[in-house]
Engineer: 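If you scroll down you'll find the structure; I have some questions about it.
All values below were derived from every heavy atom in this structure, side-chain atoms included, with hydrogens, water molecules and symmetry-related copies excluded. Positions are given from 1, in the same order as the sequence printed here. If you're wondering where the values come from, they're calculated on a predicted model, not measured in any experiment.
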Amino acid sequence: MKPVPSGRRGRLPLSLRRRPVPWERQRPTWRDAGPAVIARALKRAEARPSGNWYVVGASGELRADRPLARTVAGQEVVVWRGPDGRPAGGPGVCPHLGAPLRDSPVRCGTLVCHWHGLALDGTPHAGWVPLPVHDDGVLLWVRLDELGGEAPLDAPVVARRPERATALTAVYSGTGVCEVEDIVANRLDPWHGAWFHPHAFADLTVVGSPDGADGPPGTVAGSSGIAVGSSGTVAGASGIRGTEDAFTVDVSFKVAGRLVVPVRAVFTAPEPRTVVMRITEGEGAGSVVETHATPLGPDELGRPRTAVTEAVLAVSDRPGFAVVRRAAPLLRPLVRAAAGRLWRDDLAYAERRWHLRSTGRFPG
């Protein structure tokens, strides 16, 4: 099913599947989902610079009375709002006697160690050295230069987004036993959508992929719409990183029964730990779903753990969408629940991929 062009939309944002195809009779996609195509797109994504920035959580998680804590590749990190209201952050281990700063309170913008009262206002003090922190209004990032090992950027690589004032925004977080590459590889395989998520998607066709696996040879679709801090990349410009790895998909989001929302979406990977889906045609054109993977470190069995942080920024030019935005506090839990349902599947996919790789049984 092709997406409904925005100029010929009906009065309602829904369409009716007139000849629904049963799950088992839909066109197989295994020949199109070439392992080499996915692997090459993954390798190119891994080669793009990130500036050493890692997503540590949602901006909305940052409370006034306690820090946001995250372990990134085994390193404890805390983030809070300093006395000036700006985000501050640094190591989560107190330099005095090693107290876990994640359990310490914030008072008037100062993080106060609950063991002996060492007060940190976000500036270097008593052997504690802050880390660069970035709040893009939706997500919080920390720059870990020693971990990343790249040339640092002043700000993270962030996809072009709709204006937050016009968008319904929600952030989902989950954790899987896998590595970053397994999360990214999952998102660079759009062919699995209607087969693996029949509760959410139907009529999925990949109409453009990096190596021309669908469509004419050499097909490349869409623009990654990347905005970068100090790299000098101009948002929306042609030839920006990630554009050559665009996967273009026609798909219908299931609502209820035969009611669906058909769209065209483009998937790109602007940096090693991020995949962006942008709706380019159909209902909600301009909406963005960003998937970010952050390595956490090994679990008690020595297996790698990776956090998934998915930011949804939904927009619509329909007049009634203003009412939807006003109902955002009620709708955000529903959006997170829908994302969580999909990620229960996709984390199983990523975990299975890691398990096979770690035991030398991954195909190819």
Side-chain angles (χ1 to χ4, degrees), residues 52-148 156 169-180 183 273 292-311 329 332-333 336 339-340 343 347:
N52 304 323
W53 289 95
Y54 296 80
V55 170
V56 293
S59 299
E61 293 182 82
L62 208 53
R63 296 174 43 173
D65 60 343
R66 66 179 60 179
L68 173 68
R70 173 73 85 188
T71 299
V72 181
Q75 299 185 30
E76 296 178 50
V77 174
V78 288
V79 179
W80 73 96
R81 295 206 181 275
D84 58 1
R86 297 179 182 178
V93 179
C94 180
H96 176 228
L97 286 175
L101 295 176
R102 67 171 61 231
D103 298 328
S104 296
V106 176
R107 296 291 185 265
C108 299
T110 298
L111 180 62
V112 183
C113 177
H114 65 297
W115 276 18
H116 297 92
L118 177 63
L120 302 170
D121 62 4
T123 59
H125 182 58
W128 186 89
V129 180
L131 294 167
V133 180
H134 182 80
D135 182 356
D136 65 26
V138 178
L139 300 173
L140 293 164
W141 306 68
V142 170
R143 200 179 78 197
L144 299 169
D145 293 337
E146 186 175 345
L147 174 62
T169 304
V171 179
Y172 161 82
S173 297
T175 303
V177 177
C178 60
E179 294 179 327
V180 167
I183 300 296
R273 293 176 290 276
H292 302 272
T294 303
L296 301 180
D299 65 8
E300 64 277 3
L301 298 178
R303 302 174 303 178
R305 296 170 63 250
T306 298
V308 174
T309 306
E310 187 160 275
R332 284 193 186 101
R336 283 194 290 267
W343 273 107
L347 281 173

Engineer: Do Trp141 and Pro132 have side chains that approach each other closer than 4.5 Å (heavy atoms only, starting at C-beta)?
Structural biologist: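 A side-chain contact under 4.5 Å is absent here.
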Engineer: Do you know the tightest heavy-atom contact between Cys94 and Leu118?
Structural biologist: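 Residues Cys94 and Leu118, closest heavy atoms: SG-CD2, 3.7 Å.
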Engineer: Taking atom CZ of Arg66 and atom CZ of Arg107, what is their separation to the nearest 0.5 Å?
Structural biologist: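 That separation rounds to 9.5 Å.
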Engineer: Take His96 and Trp115 through the test side chain to side chain contact (heavy atoms under 4.5 Å, CB included) and record every step on the way to the result.
Structural biologist: CA-CA 9 Å; His96 176 228; Trp115 276 18; over 6 Å; no
Engineer: Kindly give the heavy-atom pair with the smallest separation between Ala170 and Arg336, and that separation in Å.
Structural biologist: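 Nearest heavy atoms, Ala170 then Arg336: CB-CG, 4.4 Å.
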Engineer: In Å, rounded to the nearest 0.5 Å, how long is the span from CG of Leu62 to CH2 of Trp80?
Structural biologist: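 Rounded to the nearest 0.5 Å, the CG-CH2 separation comes out at 10.5 Å.
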Engineer: Would you mind telling me which of Val180, Thr175, Thr306 makes a side-chain contact (heavy atoms from CB on, under 4.5 Å) with Leu296?
Structural biologist: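 Only one option passes, and that is Thr175.
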Engineer: I'd like to check Tyr54 versus Val77 (side-chain heavy atoms, cut-off strictly below 4.5 Å). Are they in contact?
Structural biologist: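 A side-chain contact under 4.5 Å is absent here.
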Engineer: Go through the steps to decide whether Val78 and Leu120 satisfy the test side chain to side chain contact (heavy atoms under 4.5 Å, CB included), and finish with yes or no.
Structural biologist: CA-CA 11 Å; Val78 288; Leu120 302 170; over 6 Å; no
Engineer: Is Val112 close to Ser104 at the side-chain level, that is, under 4.5 Å between some pair of heavy atoms?
Structural biologist: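 The answer is no; the side chains never approach within 4.5 Å.
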Engineer: Between Arg70 (side chain only) and Val55 (backbone N and O only), is there a donor and an acceptor less than 3.5 Å apart?
Structural biologist: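 Here the side-chain-to-backbone pair does not exist.
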Engineer: Working to the nearest 0.5 angstrom, can you tell me the gap between Arg86 CZ and Arg81 CZ?
Structural biologist: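 Separation between the atoms: 11.5 Å.
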Engineer: Indicate yes or no: at least one non-hydrogen side-chain atom of Pro130 is less than 4.5 angstrom from one of Thr123.
Structural biologist: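 Heavy-atom side-chain distance check fails, nothing below 4.5 Å.
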Engineer: State whether the number of non-hydrogen atoms from other residues, nucleotides or ligands found under 6.0 Å of Arg332 atom CZ is greater than 12.
Structural biologist: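 Buried by this count: over 12 neighbours within 6.0 Å.
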Engineer: Would Val72 and Leu147 count as a side chain to side chain contact (heavy atoms under 4.5 Å, CB included) if you check the C-alpha gap in whole Å, the side-chain angles of each, and the deciding distance to 0.1 Å?
Structural biologist: CA-CA 9 Å; Val72 181; Leu147 174 62; 3.7 Å; yes
Engineer: Quick one, Val56 and Thr294 - any side-chain contact, counting heavy atoms below 4.5 Å?
Structural biologist: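 Counting from C-beta outward, Val56 and Thr294 never come under 4.5 Å.
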Engineer: Within the 4.5 Å heavy-atom criterion, are Asp65 and Val106 side-chain neighbours or not?
Structural biologist: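 A side-chain contact is absent here, since even the closest heavy-atom pair is not under 4.5 Å.
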Engineer: Do Asn52 and Leu144 touch side chain to side chain, with heavy atoms closer than 4.5 Å?
Structural biologist: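 No, every pair of side-chain atoms sits at 4.5 Å or beyond.
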Engineer: When rounded to the nearest 0.5 angstrom, what is the spacing between NE2 in His116 and CG in Leu97?
Structural biologist: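 So the NE2 of His116 and the CG of Leu97 are separated by 5.5 Å.
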Engineer: If you compare all heavy atoms of Pro87 against all heavy atoms of Asp135, which two are closest, and at what distance to 0.1 Å?
Structural biologist: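 It is CG-CB, 3.8 Å.
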Engineer: Closest heavy-atom contact between Arg273 and Pro295?
Structural biologist: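 Reported closest heavy-atom pair: CD-CD, 4.2 Å.
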Engineer: Compare every heavy atom of Pro67 with every heavy atom of Arg102, then report the nearest pair and how far apart it is.
Structural biologist: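 Closest pair (atom of Arg102, atom of Pro67, distance): O-CG, 4.0 Å.
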Engineer: Is any side-chain heavy atom of Pro83 closer than 4.5 Å to one of Cys108?
Structural biologist: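 Not in contact.
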Engineer: Looking only at non-hydrogen atoms, find the nearest pair between Trp343 and Ile183 and report the distance.
Structural biologist: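 Closest pair (atom of Trp343, atom of Ile183, distance): CH2-CG2, 3.9 Å.
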Engineer: What's the separation between atom OG1 in Thr309 and atom CD in Glu61, rounded to the nearest 0.5 Å?
Structural biologist: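 Thr309 atom OG1 to Glu61 atom CD measures 8.0 Å (nearest 0.5 Å).
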